[in-house]
Amino acid sequence: MAEVTETTAASSSEGQKPAVPETKRLWSDEVDDEEVQPSATEEKAVLELNVDALAIDENTKVNKFLDEPEDSRIQAVTTGDTPYTSASTFEDLNLSPELLKGLYVEMKFQKPSKIQAISLPMIMTPPYKDLIAQAHNGSGKTTCFVLGMLSRVDPKQQSPQALCICPTRELSIQNMEVLQKMGKYTGISSECAVPIESRNNDRSRYRPPISAQVVIGTPGTIKRLMSQKKLGVNDMKVLVFDEADHMLAKDGFQDDSLRIMKDIQRFNSHCQVLLFSATFDETVKNFVSKVVKDYNQLFVKKEDLSLESLKQYKVILPDELAKIRVVKDRILELGENIGQIIIFVNTKRSASMLHTSLVELGYEVTTIHGALNLEDRDKIVKEFKDGLTQVLISTDVLARGFDQQQVNLVINYDLPVKYENQSEPHYEVYLHRIGRAGRFGRKGAVFNFIMTDHDLMIMRKIESYFNSPVAEIPSWGSEEGFKVALKEAGLL
DNA sequence: AAAAAAT
């Protein structure tokens, strides 16, 4: 079948290898992964911080929080005769001047990241093949598909031409914000298709049809707009699935996603499908390759997936009270200058319980989960993104994709396990959760709370799966170990 | 069971 190459720092520096007669082409190209400093949002957030300690010190930011570019290997497999040349600059991509301006002026980007350099030519070069793309957390996948959508839209044609489906409302909104910023000078119109009011209020029947050129939203709303013919698919050129492995998983949104895909393909056979995620387990990978035909693909080995710049630790604790004590005394007490913190829990009840405990102890924490009404969810995310709150307790609603550069510490208060089989870790969720820290190669730390033998077993499986040992904090009762850990992670 | 969104 297809041939596989790895892009490594040692591989050739230009172009692709010669065509292999009649079969597949190789992609073998070296790309530096010097991530662009995302200064725009950072400066804004820093200005609005009300806790001095939360601010990233402008003078030391580069040394302290931005690690060396990772030397990650991405496996690329392409099909057909189309040659792709990695884009070392955004100019290589034949973008409109308006779009380039958005990248430089609004986004403050300087050059494509590794995944961008490789995937963008694949997305933008006719005959516009489908693409399955895996890349590390925080490596700039959003830019890939947002830029892909913007560049393929015909600005003169006022109808939906690009559609992006995301697993949560929050992620849809975040992606929309990126799109609007990047596309600011293009005049391209966009609309976010997510539920607006809490519950049972079907206004969509009485709304005008969508004329926006790019639509981003959640499966249910999109499905409904399509079945009510408010969202036409006739001119659709690109269909993006963000967090694609989850969107196509059986316990994810497989049914909705397939339905949307098929409805589009029924009217429009040449709509390009782009699948992006940091994780694709074997089951999903196999399924996905049946869903899309004649696609290019980019994959990362699971052992290469944990971020180098992220230090992971485990803390052995005797009981639940100790968990709360550790959060309070070992982390919140000395965490004042370690940036923002997300504490992940497995259930809404666990979230509320922890929230109550910490508030009773006098800490200002906020909590988000799917049972809150939409207005509250929006408010809590906004406050956190604006730097008004330091500590956020969350269920897996924010496990994927949530991008807040100032998050340097993630706590797994509960370890993620599979629902069907509680003694199996949920490896993908683990990776996504910890990926909320260490965005764009920044330094970060993860604390995993281990309370039972079962927890310990789960943790060990995670360590061996990703082949990345997780250091143990010697004693939960002493401050020292936590200080050492945070220093080691570069946060203190 | 987290989540989306509808029944």
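Note that the coordinates shown come from a computational prediction; the quantities given were computed from them, not determined experimentally. The chains referred to below are lettered A, B, ... by the order of the sequence lines, with proteins before strands, and numbering in each begins at 1.
When rounded to the nearest whole Å, the span between CG of A/Asn346 and P of B/dA3 equals 11 Å. Look at CG on A/Leu171: it is 14 Å from C1' on B/dA2, rounded to the nearest Å. The CD1 atom of A/Ile173 sits 13 Å away from the C1' atom of B/dA4 (whole-angstrom rounding). Rounded to an integer number of Å, the gap from CZ of A/Phe253 to P of B/dA2 is 14 Å. Taking atom CG of residue A/Asp245 and atom C1' of nucleotide B/dA2, one finds them 15 Å apart after rounding to whole Å. If you measure from atom CD1 of A/Ile368 to atom P of B/dA3, you get 9 Å, rounded to the nearest angstrom. Between the CG atom of A/Leu374 and the C1' atom of B/dA4 there is a distance of 11 Å, rounded to whole Å. Atom CE of A/Met226 and atom C1' of B/dA4 are 16 Å apart (whole Å).
No hydrogens or angles considered: a donor-acceptor pair under 3.5 Å links the side chains of A/Asp414 and A/Ser350.
Within the structure, the side chain to side chain donor-acceptor pair (under 3.5 Å) test picks out the following pairs touching residues 358-367 of chain A (sequence neighbours left out): A/Glu333-A/Tyr363, A/His355-A/Thr367. The salt bridge (Lys or Arg N to Asp or Glu O under 4.0 Å) contacts involving residues 426-438 of chain A comprise A/Asp396-A/Arg433, where partners must be two or more places apart or lie in separate chains.
Of the candidates B/dA1, B/dA3, B/dA6, the closest approach to any side-chain atom of A/Tyr419 belongs to B/dA1. If you check B/dA2, B/dA1, B/dA4 against the side chain of A/His246, the one that comes closest is B/dA2. The A/Glu170 side chain lies nearest to B/dA4 when the options are B/dA3, B/dA4, B/dA1.
Contact annotation for A/Lys223: no contact, since no heavy-atom pair falls under 4.0 Å across all strands.
Ring orientation note: the planes of A/Phe253 and A/His246 are nearly perpendicular, at an angle over 60° on the 30°/60° scale.
Within the 4.0 Å cut-off from OP1 or OP2 of B/dA2, not a single side-chain nitrogen or oxygen of A/Arg433 is found. Neither OP1 nor OP2 of B/dA3 sits under 4.0 Å from any side-chain N or O of A/Arg169. Between A/Thr395 and the phosphate of B/dA3, there is a side-chain N or O to OP1/OP2 separation shorter than 4.0 Å.
Between A/Leu415 and A/Asn448, the closest side-chain pair of non-hydrogen atoms falls below 4.5 Å.
Contact of A/His426 with B/dA2 (side chain to base): no donor-acceptor pair of N or O atoms is detected under 3.5 Å.
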